[in-house]
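Here the structure comes first, spelled out in structure tokens, and everything after it is commentary.
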Amino acid sequence: MWRDDLRCIFYIALKDLRAYYLKPPNISWGMLFPFALILAFAIRQPGDIRDLVPGLLGMTVLFATTSMEAIVITFERRIGALERLMLAPISLPALLLGKVLGGMVFGLLTVLAVLVIATVGLGLWGANWLLLILALILSAAAFSSLGAFVSVVVREVFEAQTLANLFRFPMVFLCGIFVPLAAMPGLLQAVAYALPLTYAVGAIQQAMGGPGVLGSLFDLLALALFALIFFAMAIRILARRLG
Amino acid sequence: MTNAIEVSQLTKVYPTGKGKASLRAVDHISFTVPQGQVFGFLGPNGAGKTTTIRMLTGLARPTEGNASILGYDLATEITRIKKAIGVVPETSNLYDELSARDNLIFMGQLYGVPRPERGQRADTLLRRFRLWEKRDTPFAQLSKGMKRALTVAAALVHQPQLLFLDEPTTGLDVMSARNLRQMIMDLRDTGVTVFLTTHYLEEAERLCDRIAILVKGHIVALDTVDGLKAAAQGTTAIEVTLADAHNRITTQRIEGDDVAAALRAALAQANERQLLAINTVRPTLEEVFVQLTGLSAEVMLAEKGNQQAVIRESGR
């Protein structure tokens, strides 16, 4: 049975990439919004733009994975296509994993494009590539699972976008991209440590030679934990919804 | 003959809001479907037909009872069951963005059809359902009838031994519905068992080897079409058609326990009118249905919003 599950995970992800993700508007949304934010910040507060690259990468993964992941499941549930998948010989966790994998792959492809531009344009060749790859993969897993969680909580597509933004925007401003965590009041620091983007940016910063706040291993473990928690909650809610 | 489906005391209760009584959608139903038969499941809206299909296909968990599908236990072997059955849900639910052919290929991928056979099977089905010309058209751009046909084709890609069809001809034009019915008969001829729910009594009468009538979650009748009609023989009637001296034609319907005596009386009263015809009127499935459910077929179809489709069809 696990072979059936593995096969279905692969083909569901592939189908989602073809049907939903690899469309120009999605690609541009995943890249342009983080670029615009970073550019606005750099113009307002000139400094070494290379310091902003970890934040840019973290935000790109966040927006690229959650932009569609948050609405794909809601949309398919609405039109009945999710039921089609549930009729297939596949377990519910494998079905959801296929969905999450689609979002992850799209997020990683998008951030890869940004990474190439940043590396070539800014000469950032001295990164710890293994750590960077791990950080990006685990970030994509955490954010894609967050997207899946959001999409099973709501009933309508527009609610999915609203709820996703409720998670995304506080993360962008609280997770050490624009304001260092150490410079934040204690309460906001506590909130920041409860958000996955903090650990994504921390791990990417360390991979690119920055100081980071926590150890890189801790950041990676935290991202893996967030991925597991969001994924488990999404399965639980989806199973209950489908009765 | 072995049974493709064995259902025993199957029950589904949906919890409702606090303080409200729970909804008993299906209530201790039991039936068997022999392999290779077309089994009809009839009933008005809310009778529990779709809930039954959802339970038998693994989309909803039964509250009570058990079932075996193709020899597999519903409670413990659902993945094996899913691999061996095909399901056509009430709504055509394939992927709008994928082409007709890609939708079928994707179904083949999900069900583990070997890679070299996927394309071949998809092409065969596209031709069989007259969709070959539309093979590269996205699902979203197909007509309603074509979407329905492709949804049926998608359920057949992995060559299931048992096919569940939930209202397959709803919303189809006459030709598409006729093609689909022919396809159901062809499937039966190849040994595939078909579990069919429909609102069209004429369709059920034409296609089904056996029919169960479901009302408010209970099976109120289960038999062959002839068996159901025989059970309703009390309503067998005779129609006497007479013409008077001015060629005015009247038809008199006679029914009751002693039809022969009633007929003699009717003929005695005919006086000088000319006897044109005496016809035995056997009960239709619709009359059986009305008798058992207390609902008219028109009401059932109107509930479904398909009155027009039926009128078109009956005028064929």
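Owing to the predicted nature of the structure, the values given are computational and were not obtained by experimental measurement. First the proteins, then the strands, lettered A, B, ... as listed; each starts at 1.
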| query | With A/Phe149, which residues qualify under ring-ring contact (aromatic ring centres under 6.0 Å, His included), at least two apart? | reply | none
| said: According to ring-ring contact (aromatic ring centres under 6.0 Å, His included), who are the partners of B/Phe41, at least two apart in sequence or on a separate chain? | reply: B/Phe31, B/Phe195
| request: Output the distance between atom OH (B/Tyr111) and atom CD1 (A/Ile90), rounded to the nearest 0.5 Å. | output: 10.5 Å
| message | With a sphere of 6.0 Å drawn around NZ of B/Lys134, does it hold more than 12 non-hydrogen atoms of other residues, nucleotides or ligands? | response | no
| query | Crowded around A/Glu156 CD? As in, over 12 foreign heavy atoms under 6.0 Å? | reply | yes
| Contact class of B/Tyr95 relative to chain A, heavy atoms under 4.5 angstrom | side chain
| query | Between A/Leu87 and B/Phe164, does a side-chain contact (heavy atoms from CB on, under 4.5 Å) hold up when you go through it step by step? | reply | CA-CA 11 Å; A/Leu87 289 166; B/Phe164 288 91; over 6 Å; no
| query | Mind checking whether B/Arg80 and A/Pro89 have side chains closer than 4.5 Å, heavy atoms only? | reply | no
| query | Do the side chains of A/Glu76 and B/Asn93 get nearer than 4.5 Å, heavy atoms only? | reply | no
| query | Non-hydrogen atoms of chain B under 4.5 Å away: do they reach the side chain of A/Leu14, the backbone, both or neither? | reply | neither
| Segment of A/Phe10 engaging chain B (4.5 angstrom heavy-atom cut-off) | neither
Tell me the closest heavy-atom pair linking [X] and [Y], and the distance in Å.
X: A/Arg84; Y: B/Ala154; result: NH1-CB, 4.4 Å
X: A/Met86; Y: B/Lys82; result: O-NZ, 2.7 Å
X: B/Leu110; Y: A/Cys8; result: O-SG, 3.4 Å

| task | Flag the pair A/Glu83 and B/Arg54 as a salt bridge only when some basic side-chain nitrogen lies within less than 4.0 angstrom of an acidic carboxylate oxygen. | result | yes
| task | Just grab all the salt bridge (Lys or Arg N to Asp or Glu O under 4.0 Å) pairs involving residues 98-114 of chain B, residues at least two apart or on different chains. | result | A/Arg18-B/Asp102, B/Arg101-B/Asp123
| query | Hey, which residues of residues 162-173 of chain A are touching chain B, say heavy atoms under 4.5 Å apart? | reply | none
